[in-house]
Amino acid sequence: MINNLYRHIANARVNGEKLLAVLIDPDKISPEEIPSFIKNVNQSVATHIFVGGSTVEEGMTEQVVKAIKKYTVLPVILFPGDESQITEEADGLLFLSLLSGRNPEYLIDQHVRAVPKLISSELEIIPTSYLLIDGGKKTSTQKVSRTSPIDPEDRKQIVHTALAGEFLGHKLIYLEAGSGAKYPIPPDLIGEVCTAVSIPVIVGGGIRQKEQIDAAYTSGADMVVIGTAFEQDHNFFKELKKAHEDIR
Ligand code: 1GP
């Protein structure tokens, strides 16, 4: 059991270390694919594995996390679409509040429903402000949560929402353009949010190129999350690793 997931992320912010999470959606990977996929993750520059999806068949998350843990020592953090995806097999949980929306189900209902599982759990719970920003495509998060994303041009609303999350005591800000987004979170927006808040910032959605990862980091993101690009192109793992080694 890893008990210092948050400390690691917060220290990374202080030390300028940049983190990369690979997102695995249990709905999009078969158990047979897990060993080879995780082998690629292990050989890459990824620092974390996130597991979750907007809708996942009951019990699948647990099976997938168990299988992942067999093949890696990287921390596995749940990034659940709802409380049914919470499993003790992981190391930690992003306890997400969808602050960009106004649907009480994702602001408090799911959290209350998760409590029976969490009371006796050893999962490290990380309260996280989750902000869905329009990435040019209607995403499953939007459909399932029945909320609208914030327009990326509405800087004041985004920065104030992130700060409200910090004032509520959340430990992370997650700027999400949505899986498969056409446009990732704009770097200057990342910069504005990172300047305003004093907690670590995670950025994900629609990131497919090394340049986009670098732009997110340079703008202040502490962690970048990638799902689709790794699912679709296993060479992307190698490409990033090679670029990382070339810099050294
Ligand atoms: C994580 O939803 C994202 O924040 C993942 O998005 O699948 O587009 O990488 P992609």
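For the numbers below, each heavy atom of this structure counts, side chains included, while hydrogens, waters and symmetry mates do not. Start at 1 and go down the list; that is how both ligands and their atoms are numbered.
Its side chain outside the 4.5 Å cluster rule for every partner, Val14 clusters with none of the Ile, Leu, Val, Met, Phe, Trp and Tyr residues.
Remark: minimum distance from atom 5 (C) of ligand 1 to any protein heavy atom is reached at Leu23 CD2, 3.8 Å. Looking at atom 7 (O) of ligand 1, its nearest protein heavy atom turns out to be Thr228 OG1, 2.4 Å. Given atom 9 (O) of ligand 1, the protein heavy atom at minimum distance is Gly227 N, 2.8 Å.
Near Glu176, meaning under 4.0 Å from any of its heavy atoms, are these atoms of ligand 1: 1 (C), 2 (O), 3 (C), 4 (O). For ligand 1, the atoms closer than 4.0 angstrom to any heavy atom of Tyr174 are 1 (C), 4 (O). Short contacts between ligand 1 and Gly180, defined as distances under 4.0 Å to a heavy atom of the residue, involve ligand atoms 7 (O), 8 (O), 10 (P). Of all atoms in ligand 1, numbered sequentially from 1 with element shown, those under 4.0 Å from a heavy atom of Ile226 are 9 (O).
Note: an N/O pair closer than 3.5 Å links Gly206 and ligand 1 by distance alone. Any N or O atom pair closer than 3.5 Å counts here, and Gly204 shares no such pair with ligand 1.
Residue Phe230 is tested with Phe37, Phe237, Phe50 for a ring pair (Phe, Tyr, Trp, His ring centres under 6.0 Å); the sole match is Phe237.
Residues Ser179 and Lys28 come closest through the heavy atom pair OG-NZ, 4.1 Å. Between Met60 and Pro26, the closest heavy-atom pair is CE-O, 3.8 Å.
Look at Ala229 and you'll find every heavy atom at least 4.0 Å from all atoms of ligand 1. Residue Phe230 places every heavy atom at 4.0 Å or more from ligand 1.
Proximity of Phe50 to ligand 1, defined as any heavy-atom pair under 4.0 Å, is not found for any part of the residue.
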Please test Glu176 against Tyr130 for side chain to side chain donor-acceptor pair (under 3.5 Å), starting from the C-alpha separation and ending with a verdict. CA-CA 7 Å; Glu176 171 72 273; Tyr130 191 48; 2.6 Å; yes
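No side-chain heavy atom of Leu98 sits less than 4.5 Å from a side-chain heavy atom of Asn103.
The closest donor-acceptor contact from the side chain of Glu124 to the backbone of Asn4 lies under 3.5 Å.
The hydrophobic clustering, which links ILVMFWY residues whose side-chain heavy atoms are closer than 4.5 Å, places Tyr183 and Ile185 apart.
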